[in-house]
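For reference, the structure is listed below as structure tokens.
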Amino acid sequence: MASNSDSIYNVLTYIHRHPQQVRFIRQRNSNVITIGVPDTVPVANADIYFPAGHLLVNRMDEDFLAKNGDLLNTFFDQTRTSKLDYRDVWITTGYVPDEQTYLVELSFE
């Protein structure tokens with residue numbers, strides 16, 4: 001499953017460590033955070049995890065959530081949700097060639 005890969009982890013870590021290098025895209029949904037990442041950021045197998053002109057949606061498995069809870073919590077804290085926690089995280093990824101941007105969207109359920 002693509003969402004549980006090291007590539008996705010590395011991109012999320014990059015976003016966390018370099019928030020000034022990415023673009024946070026305001027969303028209407030309170031449980032969603034969307035980020036544009038420049039395509040100059042190295043991503044292993046980008047064509048698999050960030051398909052050009054398409055979206056890839058996956059539910060992160062429980063192992064990924066358990067291993068990366070602290071990292072995911074930093075993104076959850078940036079949502080506008082009134083929920084105190086989440087059970088599931090869905091990740092949507094894609095590549096927007098015209099903007100030279102990897103799209104990362106996290107939805108906390």
Side-chain angles (χ1 to χ4, degrees):
M1 190 178 235
S3 66
N4 301 300
S5 75
D6 289 340
S7 293
I8 295 300
Y9 169 79
N10 291 337
V11 170
L12 293 176
T13 300
Y14 178 88
I15 294 166
H16 177 70
R17 291 183 179 162
H18 305 283
Q20 70 283 0
Q21 301 296 323
V22 301
R23 183 170 51 110
F24 289 88
I25 303 165
R26 194 98 169 130
Q27 293 296 312
R28 291 182 185 193
N29 298 331
S30 62
N31 64 324
V32 175
I33 183 168
T34 305
I35 308 108
V37 179
D39 66 2
T40 55
V41 174
V43 176
N45 301 309
D47 55 326
I48 295 171
Y49 302 110
F50 294 91
H54 299 283
L55 297 176
L56 179 66
V57 180
N58 283 297
R59 183 175 153 262
M60 296 175 143
D61 68 26
E62 290 181 22
D63 288 341
F64 190 93
L65 296 177
K67 289 179 189 174
N68 303 296
D70 289 342
L71 177 61
L72 293 170
N73 287 341
T74 64
F75 292 111
F76 179 72
D77 291 344
Q78 294 179 48
T79 66
R80 294 179 292 136
T81 187
S82 59
K83 292 182 179 182
L84 299 178
D85 61 2
Y86 56 91
R87 287 183 176 214
D88 295 312
V89 178
W90 292 84
I91 186 162
T92 303
T93 56
Y95 178 60
V96 185
D98 292 345
E99 296 186 28
Q100 298 175 322
T101 300
Y102 296 125
L103 176 73
V104 178
E105 182 174 90
L106 297 168
S107 175
F108 296 89
E109 305 293 330

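The shown structure was predicted, so the numbers you read here are calculated from the model rather than taken from an experiment. These values consider heavy atoms only, across backbone and side chains, with no hydrogens, waters or symmetry-generated copies.
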Show the nearest heavy-atom pair for residues Y95 and T101, with the distance to one decimal. CD1-O, 3.2 Å
Heavy-atom pair of closest approach, residues P51 and T93: CD-O, 4.2 Å
Expected output: side-chain [X] to main-chain [Y] donor-acceptor under 3.5 Å:
| X | Y | answer |
| --- | --- | --- |
| N31 | F108 | yes |
| S7 | S5 | no |
| R80 | R28 | yes |

Let me confirm one number: the [atom1]-[atom2] distance from [X] to [Y], rounded to the nearest 0.5 Å.
| X | Y | atom1 | atom2 | result |
| --- | --- | --- | --- | --- |
| I48 | L56 | CD1 | CG | 10.0 Å |
| F76 | L84 | CZ | CG | 7.5 Å |
| L65 | N73 | CG | CG | 10.0 Å |
| I91 | Y49 | CD1 | OH | 11.5 Å |
| L12 | R17 | CG | CZ | 11.5 Å |
| T81 | I33 | OG1 | CD1 | 12.5 Å |

With clusters defined by side-chain heavy atoms of hydrophobic residues (ILVMFWY) lying less than 4.5 Å apart, directly or transitively, does V41 cluster with L71? yes
Is there a path of hydrophobic side-chain contacts, each under 4.5 Å between heavy atoms, that joins I15 and I25? no
Check whether any side-chain heavy atom of [X] lies under 4.5 Å from a side-chain heavy atom of [Y], and answer yes or no.
| X | Y | value |
| --- | --- | --- |
| P19 | F24 | yes |
| T34 | T92 | no |
| F64 | V89 | no |
| I8 | M60 | yes |
| V11 | Y102 | no |

Side-chain donor-acceptor pair present, S107, E109, cut-off under 3.5 Å: yes
Looking at D47, I'd like to know if its CG atom is crowded, meaning that more than 12 non-hydrogen atoms belonging to other residues, nucleotides or ligands lie closer than 6.0 Å. yes
Heavy-atom count check: over 12 atoms from other residues, nucleotides or ligands less than 6.0 Å from H16 NE2? no
So among L103, N45, V104, which one has a side-chain contact (heavy atoms from CB on, under 4.5 Å) with F50? V104
